[in-house]
Amino acid sequence: MKEKAKQAGVIPGDRLAVSEEFLPGQHTYDDSGLIRALVAGSVQKDAKNMEISVKPAVEPEVIKVDDWVTGQVEGAQANSANVHIYFHNGKPTYKDFSGMLTLRGLSGGGRGMRRTTPVKPGDIVRCRVFSLVNGIIHLTIDEPDMGVVAALCGNCGKPLLRGNPTRAKCDECGNVEERKLARDFGTTPIEP
Ligand SMILES: [Zn+2]
């Protein structure tokens with residue numbers, strides 16, 4: 001059997017085959033001898049197992065605890081920042097996710113010596129998802145690989161380079177800025 005999995009677009013209820021030809025696979029149902037599509041997607045025929053199924057057109061993308069995301073800081077307050085998420089586990093996402101980055105209690109800022117500016121609006125940050133309570137994507141950068149991966153100089157707008165673990169510097173104008181930098185900050189290409 002050389003039949004290649006044919007990709008035909010179907011919508012729910014479309015007739016795919018008769019049950020003498022194929023067994024109903026994923027996302028299909030047997031409607032009195034007719035196999036129909038349960039979801040919109042593309043038809044997949046498994047000739048070996050005589051099974052027909054539908055691959056959903058849109059796989060729901062779900063962000064889970066312990067995933068990592070990369071996005072841009074849109075607004076920062078004293079204890080949190082809003083992050084527009086552009087990458088999910090290193091892959092682009094077009095889902096318009098936003099997360100809330102917790103800045104409180106970042107390690108390295110002991111009592112009385114808190115880090116004043118871990119992130120700034122416009123920064124690109126890599127964050128860990130640590131909670132999904134109340135439907136909010138809660139993010140943290142409190143681990144070495146997480147933090148700012150790219151930022152621009154607040155003075156002249158050129159990309160900042162690594163200074164030391166908590167400071168980024170601008171070679172162009174000499175400006176030094178405080179940040180919680182990811183371990184690979186300052187390397188290119190930037191890994192989302
Ligand atoms: Zn500068």
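Whatever order the structure lists them in is the order used to number ligands and atoms, beginning at 1.
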* With the Zn ion (ligand 1) as the centre, enumerate protein N/O/S atoms below 2.8 Å in chain and residue order. => Cys153 SG, Cys156 SG, Cys170 SG, Cys173 SG
* Under a 4.5 Å cut-off applied to non-hydrogen side-chain atoms, are Ile124 and Tyr86 in contact? -> no
* To do: With side chain to side chain contact (heavy atoms under 4.5 Å, CB included) as the test, would you mind laying out the steps for Leu103 and Asn79 before giving the verdict?
  => CA-CA 5 Å; Leu103 302 176; Asn79 291 323; 5.6 Å; no
* **Check ion pair Asp66-Lys64 (N to O, under 4.0 angstrom)** => no
* Main-chain N/O of Asn49 paired with Asp46 side-chain donor or acceptor, under 3.5 Å ->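 Yes, because the side chain of Asp46 sits within donor-acceptor range (under 3.5 Å) of the backbone of Asn49.
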* Indicate yes or no for a side-chain donor-acceptor contact from Arg128 to the backbone of Thr140 under 3.5 Å, with no hydrogens or angles considered. => no
* Asked: Under 30°, 30 to 60°, or over 60°: which ring-plane class applies to His88 and Phe97, parallel, tilted or perpendicular?
  ->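 Rings of His88 and Phe97: perpendicular, over 60°.
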